[in-house]
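What follows is a single structure, written as structure tokens, with notes after it.
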Amino acid sequence: TVSRDLRFGVMSLYFSRPLERLDYVAAKYAAMVSALFILTSAPLTIMFAGALVVGLPITEQIPDYLRAVAGAGLLSLILGGIGLVIAAITPHRGFAVAAIIAVLLVLAGVQGVLQELAIAEGFDGAPYFGLLSPFTLVEGIQSSLLGAASPLPTLPGATGALVFSAVALLILASPVVVLVARYRSVSVT
């Protein structure tokens, strides 16, 4: 909807009222994150309910479920921000969808290749290549801060958790700044 708002000149209608650009960005960001969170957390909730129905111990299931939901929330925030920035830059919805998919696939592919090469060469900083993809970034935070199991290389202690958390915070703040700057250039008339 971001690209359609720009293409069809609806932005001037939004901004003709006392709606600030930051309010518009916050509303779009909240809507995107909410939709992504529902999409990512619904399967987790269904699996949790299924585990309880078949009689798995609730004391083992609740911590894992909460870690998974926290990861889904963080992933939704990060993917929502990245997607909105790409959509705001791209004038057509179809191009925006393709660009978002391409960016996420390329980042995941580059991250996987570089990390595997680093592991094969015995490079100690191999876990830090997880910073290149939003998916492995969230997985690194889940494993280092929340104690979730991960197939990725283990982060080096508190330093790894701090670096991954700092990058996640930077990625969470950047889209808001970029989107507000993008919409400053939109004419109200």
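- Contact record, Ala96 with Thr90: N-CG2, 3.4 Å, taken as the closest heavy-atom pair.
- Applying the ring pair (Phe, Tyr, Trp, His ring centres under 6.0 Å) rule to pairs touching residues 107-126 yields nothing, sequence neighbours excluded.
- Counting only residues at least two apart or in different chains, salt bridge (Lys or Arg N to Asp or Glu O under 4.0 Å) contacts with residues 66-86 comprise Asp64-Arg67.
- Residue pairs that meet the side-chain hydrogen bond (donor to acceptor under 3.5 Å, both in side chains) test with at least one member in residues 135-147, sequence neighbours left out, are Glu139-Ser150.
- Among residues two or more places apart in sequence or in another chain, the side chain to side chain contact (heavy atoms under 4.5 Å, CB included) test is passed with Leu39 by none.
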Quick one: side chains of residues 161-178, donor-acceptor pairs under 3.5 Å with protein atoms, not counting sequence neighbours, listed by atom name and distance.
{"from": "Ser165", "atom 1": "OG", "to": "Ala161", "atom 2": "O", "distance (Å)": "2.8"}
{"from": "Ser174", "atom 1": "OG", "to": "Leu170", "atom 2": "O", "distance (Å)": "2.6"}

Atom pairs and distances, donor-acceptor, side-chain atoms in residues 78-87, under 3.5 Å, two or more places apart:
none

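- Residues passing the side chain to side chain contact (heavy atoms under 4.5 Å, CB included) test with Ile101 are Val97, Leu105, sequence neighbours excluded.
- Distance CG/Leu137 to CG/Leu74: 6.5 Å, rounded to 0.5 Å.
- Between Phe48 and Leu44, every side-chain heavy-atom pair lies at or beyond the 4.5 Å cut-off.
- Nearest heavy-atom pair across Leu77 and Tyr29 is O-OH, 2.9 Å.
- One hydrophobic cluster holds both Val33 and Leu179 under the rule that ILVMFWY side chains link at heavy-atom gaps under 4.5 Å.
- If you chain together hydrophobic residues whose side chains sit under 4.5 Å apart, Val138 and Phe37 never meet in one group.
- For the side-chain hydrogen bond (donor to acceptor under 3.5 Å, both in side chains) condition, the pairs that include at least one residue of residues 37-58, sequence neighbours left out, are Thr40-Ser76, Thr45-Tyr65.
- Tyr183 and Met32 end up in the same hydrophobic cluster when Ile, Leu, Val, Met, Phe, Trp and Tyr side chains are linked at under 4.5 Å.
- Cluster membership check: Leu145 does not share its hydrophobic cluster with Val69, using side-chain heavy-atom separations under 4.5 Å among Ile, Leu, Val, Met, Phe, Trp and Tyr.
- Summarising the hydrophobic clusters (Ile, Leu, Val, Met, Phe, Trp, Tyr; side-chain heavy atoms under 4.5 Å, direct or chained), the residues clustered with Ile46 are none.
- Taking the side chain to side chain contact (heavy atoms under 4.5 Å, CB included) definition, one finds that Ile38 meets it with nothing, sequence neighbours left out.
- Side-chain contact between Tyr128 and Thr159: present, with at least one pair of heavy atoms (C-beta onward) separated by less than 4.5 Å.
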Acceptor/donor pairs from residues 107-120 side chains to any protein atom, 3.5 angstrom cut, sequence neighbours excluded:
{"from": "Gln111", "atom 1": "NE2", "to": "Gln115", "atom 2": "OE1", "distance (Å)": "2.5"}
{"from": "Gln115", "atom 1": "NE2", "to": "Ala126", "atom 2": "O", "distance (Å)": "3.0"}

